[in-house]
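Working notes, beginning with the structure itself.
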Amino acid sequence: MSNKKIGVIFNTGLGDGLMLLPLIQALKIEGYNVSIIISTKYISSDVLSSFEPYGEINEIGTSLFDIVRFSIARFRKFDYFLVSFTSSSLTWIAAASWMSKFVITNRKKWYLHLFPTLLFQDFSGIEHITIQNIRLAKRFLPKNNVFLKKDINVLAYIGNKQDDVTLSPIDGDHLFRNPCFAVQLSAANNQVQYKNWKTENWIIFFRMVNEMIPEASMILIGDANETGYADAVMGANLKNISSLVGQTSLSDMSEILTKCTLYIGLDSGLMQMAAFLGKPTFTIWGPTEPLECGYQIIDAGRHRDICLKLPCH
């Protein structure tokens, strides 16, 4: 076991945060002393507990005061801090530089060159973000680490496959039948609506499911500010469909996704959660590049991505 102490910052949305899990697992395999620092409202230790334990977890607030208070007593306590592209705010780069001997990031901004202990990790072209994140540790991971293989299926080493799970009701509400599809109608908490698919298209899709797979049940999932989409769908006189939009916590979502047969939806954190929980996914992509964030490129037998690749994409 290495005596190196590695810090990893989770300062992101749910999806970007979960894409750090393969990096944590790669470090765990080599026995590094890993500390996860959570500084976001979108991820908690409860969410991470849905997967295998990953070492020490520190949940701190998101304010500058919270970050300074956490950092001040940890001067040079870490050998390395690994800061992903999505977590690399100037505040956290400064805090990581204070707490560690070296900071490794894959984000290049002119102001980051002001930090003498900062090391940059390149990535080439379009590359899945989980792989970009793993390469943050490339300097000290042995070459035979399983996560450095060229065609690695990162999902195979995270969490547990749930293919044969016995579907059962939650809290006495008989929503779950086999097959059971979890469907998210909106992306990114409805804050980037250009990622969304039109509600009328979803209604057409649900009617097709009713006709083609009449025994299937469908459960709408999502955040409280996505209820408008769910209300429109629920008012369309569809069969075998229920809505839990706005009624669940992220921990609840982990349980719901585990009990479902398939996730259908958009580029979102819940899609990432479903994939890492071992659930098959079918994802409709808008402006985001599925080769960077989707999972068909990693495991086409379990995941499907659909994207028109328009010029404006």
>> We want to know whether Asp305 and Trp285 form a side-chain donor-acceptor pair, criterion being a heavy-atom distance below 3.5 angstrom.
In response: yes
Students often mix this up, so state it plainly: with edges at 30° and 60°, are the rings of [X] and [Y] parallel, tilted or perpendicular?
X      : Y      : answer
Phe120 : His113 : tilted
Tyr295 : His303 : tilted
Phe206 : Trp202 : parallel

> Has Arg76 got its NZ or CZ under 6.0 Å from the middle of the six-membered ring of Phe78, at an angle within 45 degrees of the ring axis?
Replying inline: no
Using side-chain heavy atoms (C-beta onward) and a distance below 4.5 Å, is [X] in contact with [Y]?
X      : Y      : answer
Arg304 : Thr281 : no
Leu266 : Gln184 : no
Lys279 : Leu262 : no
Ile57  : Leu48  : yes

> Looking at Arg139, Lys108, Lys138, which hits salt bridge (Lys or Arg N to Asp or Glu O under 4.0 Å) with Asp122?
Replying inline: Lys108
> Knowing that exactly one of Thr130, Asp151, Ile152 qualifies, which makes a side-chain contact (heavy atoms from CB on, under 4.5 Å) with Ile298?
Replying inline: Thr130
> Given the rule that I, L, V, M, F, W and Y join up when any side-chain heavy atoms are under 4.5 Å apart, are Leu112 and Leu136 in one cluster?
Replying inline: no
> Hey, any chance Val68 and Ile60 share a hydrophobic cluster, counting ILVMFWY side chains that come within less than 4.5 Å of each other, even indirectly?
Replying inline: no
>> If we ignore hydrogens and angles and just use 3.5 Å, is the side chain of Gln272 paired with the main-chain N or O of Leu14 as donor and acceptor?
In response: no
> About how many Å separate CD1 of Ile129 and CG of Leu291, when rounded to the nearest 0.5 Å?
Replying inline: 11.5 Å
>> Show, in sequence, the C-alpha distance, side-chain angles and deciding distance for Ile93 and Tyr111, and conclude whether the side-chain contact (heavy atoms from CB on, under 4.5 Å) test is met.
In response: CA-CA 10 Å; Ile93 290 291; Tyr111 54 79; over 6 Å; no
